[in-house]
Every structure is written in C-alpha cells, then in structure tokens.
Amino acid sequence: MINFKQEIAKVIAKETNLNEKELETYIETPKDSNNGDYAFPCFRLAKELKKAPQVIASEIKENIQIDENIIEKIDIAGGYLNFYVNKSLMTKEVLGEVANSEDYGKSSLGNGKNIVIDYSAPNIAKPFHIGHLRSTVIGGALYNIYKHLGYNVIGVNHLGDYGTQFGKLIEGYKLWGQEYDIEKDPINELTKIYIRINNLCKEDEEVLEACRNNFKKLEDGDSYCVEIWKRFRDLSLKEFQKVYDLLGSKFDSWNGEAFYSDKMPEIIDILESTGKLVESQGARVIDLEESGINTPCIIEKTNGSTTYATRDLAAIMYRARTYDFDKALYVTSYEQVLHFKQVFEVAKLLGLDEKYIKGLNHISFGMVLLPTGKMSTREGNIVKLEDLLNEAIQRAEEIIEQKNPELENKEEVAKKVGIGAVIFNDLANSRVKDEIFDWNQILNFQGETGPYIQYTYVRTKSVLERVEKTPEIFEVKVEALLDEYSQKVIRLLYDFEDTLIQVTKKEEPSILSRYLIDLAKAFSSFYNENKIIVEDIDIQNARIYLTYAVGKILKIGAELLGIEMPNKM
Ligand code: ARG
C-alpha cells in the first residue's frame with residue numbers, strides 16, 4: 001500500500017533538507033477529520049530552521065511538489081500543515097490489499113530480527129494464578145504481533161521450577177507426604193503442604209534451616225531431592241497444560257529456572273573476576289548503590305545456594321548466545337520492577353555486547369484485583385485459573401442460553417466467548433494499570449469487551465449471508481464508499497499495520513485492543529447509517545465488500561490478541 005506518511009515526509013524532507021525518517025515520526029493524525037487526514041506540526045522545526053512555525057508552514061506549502069493524485073489538498077491551521085489524501089486512492093489501496101492478502105497487515109519489517117519473550121512462567125507446585133494469566137495473555141499477544149510483523153520470535157516459559165520453595169516442599173513432603181493424595185490433585189495438595197510447612201518455618205528456625213539445606217542438596221544433585229523435585233514438576237506441568245489448552249497458549253522453550261543450574265558457575269566466575277562480587281552478612285552480593293539502586297543484588301546466599309537473580313543472569317547469557325536477541329522482553333507484574341532493575345544492571349558486568357544490554361526490557365503490568373482483594377499463595381487465598389476460565393465459559397453459556405437458545409455448537413461458542421472475554425479484559429487497558437476483575441463488565445456484549453468485538457464480527461458474517469456471494473474486488477466501485485461513515489472505516493483499516501507497529505514500539509497490546517473497539521464502533525455507525533442491501537448494485541457491492549473487509553480485519557486482529565472468533569453467537 002502507499003505509505004501516505006512517507007510520501008508527505010519525503011516532500012518535506014526535500015524542501016527542508018531534514019531527515020525524512022525523523023520527519024515521518026512527527027506526522028500526526030488530527031482528532032477531527034475536518035482538519036485533514038494527516039497533520040505536520042511545524043513548531044517542531046522552528047528551532048532548527050530558526051523561523052516561526054507559521055512561516056515554515058507557508059513556505060513548505062508554497063514550495064513543495066506533491067502528487068495531486070496522492071494528496072489532494074494542503075492547508076495551514078495554527079502552526080500545522082494539514083494534508084488531505086485522495087480518498088478514492090486510499091480506499092482502492094485498502095480494499096486491494098484486503099483482496100490480495102490472506103494476512104492483512106503482515107510485514108517484513110522485522111525480518112532478520114530476533115525477539116525473545118519470557119512470559120507466563122508459573123511456579124511449579126503452586127497454583128497457576130490470575131497474575132500468571134496476565135503474563136500469559138500479554139506475552140502471547142506480543143508474540144503474535146511481532147510474528148505478524150515478520151520478526152523471528154522465541155517464546156520462553158521460564159518456569160519457576162527451582163529455588164528455596166522446593167527445599168520447603170521437600171521437607172513438607174518428608175514430614176507429611178503420606179497424608180496427602182498428590183497424584184490425584186497435585187497442585188492443591190502440594191499447596192496445602194506448602195502452606196503448612198511455611199507456617200512451621202515461621203515458628204521453627206531449625207525447620208527453616210532444613211528447608212534451605214534441602215534446596216542446596218537439590219542444587220548439588222542429591223538423588224532423593226532430585227527425584228521428588230522431578231515428580232512435583234511433571235505433575236504440575238500436566239496441570240498447567242490444562243490452562244494452556246483453554247487459552248491456546250504455545251511456547252518454543254520450556255527452559256525454566258532449573259535449566260540454568262549448571263550455567264551459574266560461569267556467571268559467578270565472571271562476576272568474581274570483576275572484583276565487584278562482595279561479602280555481605282555471609283552472602284555474596286553486587287552492590288548497586290553507584291547506579292542508584294539501594295538494594296544490593298544477592299548472587300549467592302549464606303549457605304552457597306543461588307538465587308532467582310543469578311538464574312536470570314545465566315538466562316541472559318544463554319539467550320544472548322543461543323538466540324542472538326535484538327530484544328529480550330520479560331513480562332511480569334510490576335512487583336518485580338526492582339528485581340529486573342538489579343538484574344539488568346548486573347548484566348552489564350557480564351561482558352556481553354552492548355546490543356544485548358540495550359535489548360533487555362521489563363514489560364511490567366498491574367495487579368489483577370478481585371473484589372476480595374489481592375491474592376497470595378503463602379496465605380492460601382487463591383483463585384485457581386482453571387476454575388476461573390471454566391467459570392467464564394459457563395457464564396457465557398448462560399448468556400447464550402438466554403439470548404439465543406437455538407444456536408448450534410453452543411458449547412464451542414461459549415468457550416470462545418468466555419475465554420475471549422477474559423483475554424480481552426486483560427488487554428483492554430494500558431498494561432501498567434491495575435485491573436479489577438468484574439464478571440458483569442467482562443461479559444457485557446454492549447461494552448468495550450471481547451464479546452462486543454466477536455458480536456460485531458458475527459454481524460459482518462450475517463450481512464454477507466444476505467447476498468448470494470461476496471463481490472469480487474473488480475466489481476467494487478470505490479466512488480460508492482466516499483461518504484463519511486465508510487471513510488471512517490477505510491481509514492481505520494488503512495491504519496492496521498501502523499497500529500501493530502505502535503504496539504511493538506510501546507510493548508502495549510492495548511493499542512490493538514483499542515483499535516479493534518474503534519473499528520467495531522465505526523462499523524456499527526456505518527451499518528446504522530448506510531443501508532447495505534439496496535437497489536443500486538454498485539453501492540450494494542461496495543458496502544458488502546467493505547463489510548467483508550471489516551470482518552476479515554476484526555478476525556485477524558482478535559486472533560493476534562489470542563481471541564478466537566465464533567461464526568455465530
Ligand atoms: N516465576 C516467576 C513468578 O511467578 C516469573 C518469572 C519471570 N521470568 C523471569 N525470567 N524472571 O513470579
């Protein structure tokens with residue numbers, strides 16, 4: 001498709017002798033379409049060109065040569081240059097692209113670039129909770145979107161399968177293993193053991209010490225400890241898989257924390273050689289005061305066992321070598337901000353290429369708050385994700401039962417709607433915001449929700465069913481789509497690829513969620529204002545085709561977020 005922004009930037013660059021790529025980033029979309037389709041803020045050049053914005057604007061307007069078949073009109077408002085694109089051309093471009101490509105918005109932008117996304121990462125022997133859901137959903141959406149833009153993406157599930165908690169579990173298992181039916185309901189039973197041993201640790205320093213030593217033994221390869229640990233891990237993974245099946249999540253690597261067990265000595269050697277690894281109260285730490293981080297990063301605990309941070313350092317080294325990443329994204333809640341600050345700072349000491357250090361990025365997100373407040377495994381106040389997802393499906397089924405009892409494949413549709421609603425809710429707002437999990441809002445078909453997008457998609461489908469067949473692109477006369485409502489839709493469709501690029505610039509899938517809501521709303525207005533089945537066959541063909549295009553892009557967009565579309569609902 002023609003890149004209108006680029007066309008505009010090109011001529012301004014020619015006129016001003018400034019960098020075209022940079023100019024392109026200045027170009028905005030006016031809120032009010034009466035101010036044109038694109039706007040260039042001339043005040044951004046005032047300093048460099050040593051002229052008033054108004055002067056710059058009129059000089060550019062007078063002097064630039066721009067193809068009138070691309071930009072029909074330019075005017076000046078305030079310090080802005082407003083550009084009006086040739087609407088027929090934009091319409092033709094968009095619909096042509098829809099007709100020609102199965103993967104609208106697909107791009108080669110990311111070719112040759114490697115992106116590692118570390119997401120989901122639940123902890124073995126603990127419930128997969130709603131915070132991990134957010135990580136799974138946000139990371140999964142980023143994964144799909146980067147892929148769509150042509151990047152080589154590696155999704156890593158950095159399982160929490162190592163650490164002192166296993167020392168505790170092993171101790172609990174030793175003490176009371178017989179009392180629990182771990183095979184039958186592994187996570188619940190292990191959680192009970194974990195809560196019980198934790199309480200005992202609070203009272204009894206000696207038990208705590210035994211737990212710490214169990215982990216040390218595990219790290220040293222003690223066969224009893226390793227065997228129990230393996231069993232916990234296998235049983236937990238089987239449970240987690242149920243959630244991944246419901247969500248449709250896939251990973252390229254399941255290398256969890258334990259995977260780095262033999263890769264840490266190298267890290268510790270390197271850190272030692274820098275002379276910055278120092279003793280502190282029996283532990284070995286890197287002081288980060290100089291970098292403005294007040295808490296030192298603990299590399300080795302008092303008893304010589306490693307930490308979460310050491311394993312992350314080994315993972316950075318491994319990922320740099322194995323994947324040669326341009327970006328390594330870590331999707332976790334903002335509770336881990338300090339952890340990643342420390343780890344990324346210490347990573348600078350590993351002697352890695354600057355490129356890798358620059359590529360490290362913590363993608364933090366807010367808490368999911370239940371009406372009952374926050375949850376934590378240690379206190380035993382947990383919402384199990386599998387239960388939550390099943391409840392979503394069940395609630396969706398009840399709504400369908402009320403609204404459309406005759407629907408075929410009710411169960412399958414309920415699954416798509418229920419799961420889609422939960423996923424969309426996680427992605428609806430900017431990720432740093434805390435999110436309140438409220439069933440009524442999530443499943444509201446009229447609200448800004450997943451079901452609303454699915455419902456709009458289903459509407460496009462039923463429009464298409466009203467004609468014998470969807471017209472071919474050569475039967476579409478773009479002149480029939482120059483009205484305000486059609487044009488609003490066309491412009492959104494045009495912006496799809498740019499929307500995906502914005503997502504990757506800010507690592508913010510909510511930009512795509514917002515876009516899909518806007519597109520669904522624009523389609524509703526189009527549909528309400530314009531009769532689709534009409535006598536004039538040119539108008540009908542054009543409107544049908546636009547409806548088809550909207551359905552197609554809604555589906556591609558929703559699937560990028562991880563949401564499946566039903567054909568009827
Ligand atoms: N297992 C951790 C947790 O549940 C998340 C791991 C995130 N990834 C990482 N490389 N540290 O909090």
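Scope of the values below: all heavy atoms of this structure, side chains included, with no hydrogens, waters or symmetry mates. Counting convention: from 1, in listed order, for ligands and their atoms alike. Count residues from 1 along the sequence.
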Does the side chain of T310 pick up a donor-acceptor pair with the side chain of T307 at under 3.5 Å?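 Result is yes, a qualifying pair exists.
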Just checking, is any N or O donor in the side chain of S305 or E219 under 3.5 Å from an acceptor N or O on the other one?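 Note: S305 and E219 side chains miss the donor-acceptor criterion.
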Does even one non-hydrogen atom of [X] get within less than 4.0 Å of ligand 1?
{"X": "Y308", "answer": "yes"}
{"X": "E335", "answer": "no"}
{"X": "R311", "answer": "no"}

Look at E508 together with R514 and state whether they make a salt bridge at an N to O cut-off of under 4.0 Å. no
Polar side-chain atom of [X] near backbone of [Y] as donor-acceptor pair, under 3.5 Å:
{"X": "D161", "Y": "E257", "answer": "yes"}
{"X": "T449", "Y": "F445", "answer": "no"}
{"X": "R311", "Y": "A258", "answer": "no"}

Any N or O of [X] that comes nearer than 3.5 Å to an N or O of ligand 1?
{"X": "Y330", "answer": "no"}
{"X": "D118", "answer": "yes"}
{"X": "N123", "answer": "yes"}
{"X": "A121", "answer": "yes"}

Within a radius of less than 6.0 Å around CD of E227, do more than 12 heavy atoms belonging to other residues, nucleotides or ligands occur?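 At most 12 heavy atoms, drawn from other residues, nucleotides or ligands, come within 6.0 Å of this atom.
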A side-chain contact here means heavy atoms from C-beta on lying under 4.5 Å apart; do L271 and K276 qualify? no
Give me the residue, atom name and distance of the protein heavy atom closest to atom 4 (O) of ligand 1. H132 NE2, 2.8 Å
Tell me which protein heavy atom sits closest to atom 12 (O) of ligand 1, plus the residue, atom name and distance to 0.1 Å.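 Sorting protein heavy atoms by distance from atom 12 (O) of ligand 1 puts Q336 NE2, 2.8 Å first.
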Side chain, backbone, both or neither: the part of F128 lying under 4.0 Å from ligand 1 by heavy atom: neither
Which bit of D312 is near ligand 1, meaning a heavy atom under 4.0 Å away: side chain, backbone, both or neither?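 The side chain, only.
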For T332, counting its heavy atoms only, list the atoms of ligand 1 lying under 4.0 Å from any of them.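 What qualifies from ligand 1 is 7 (C).
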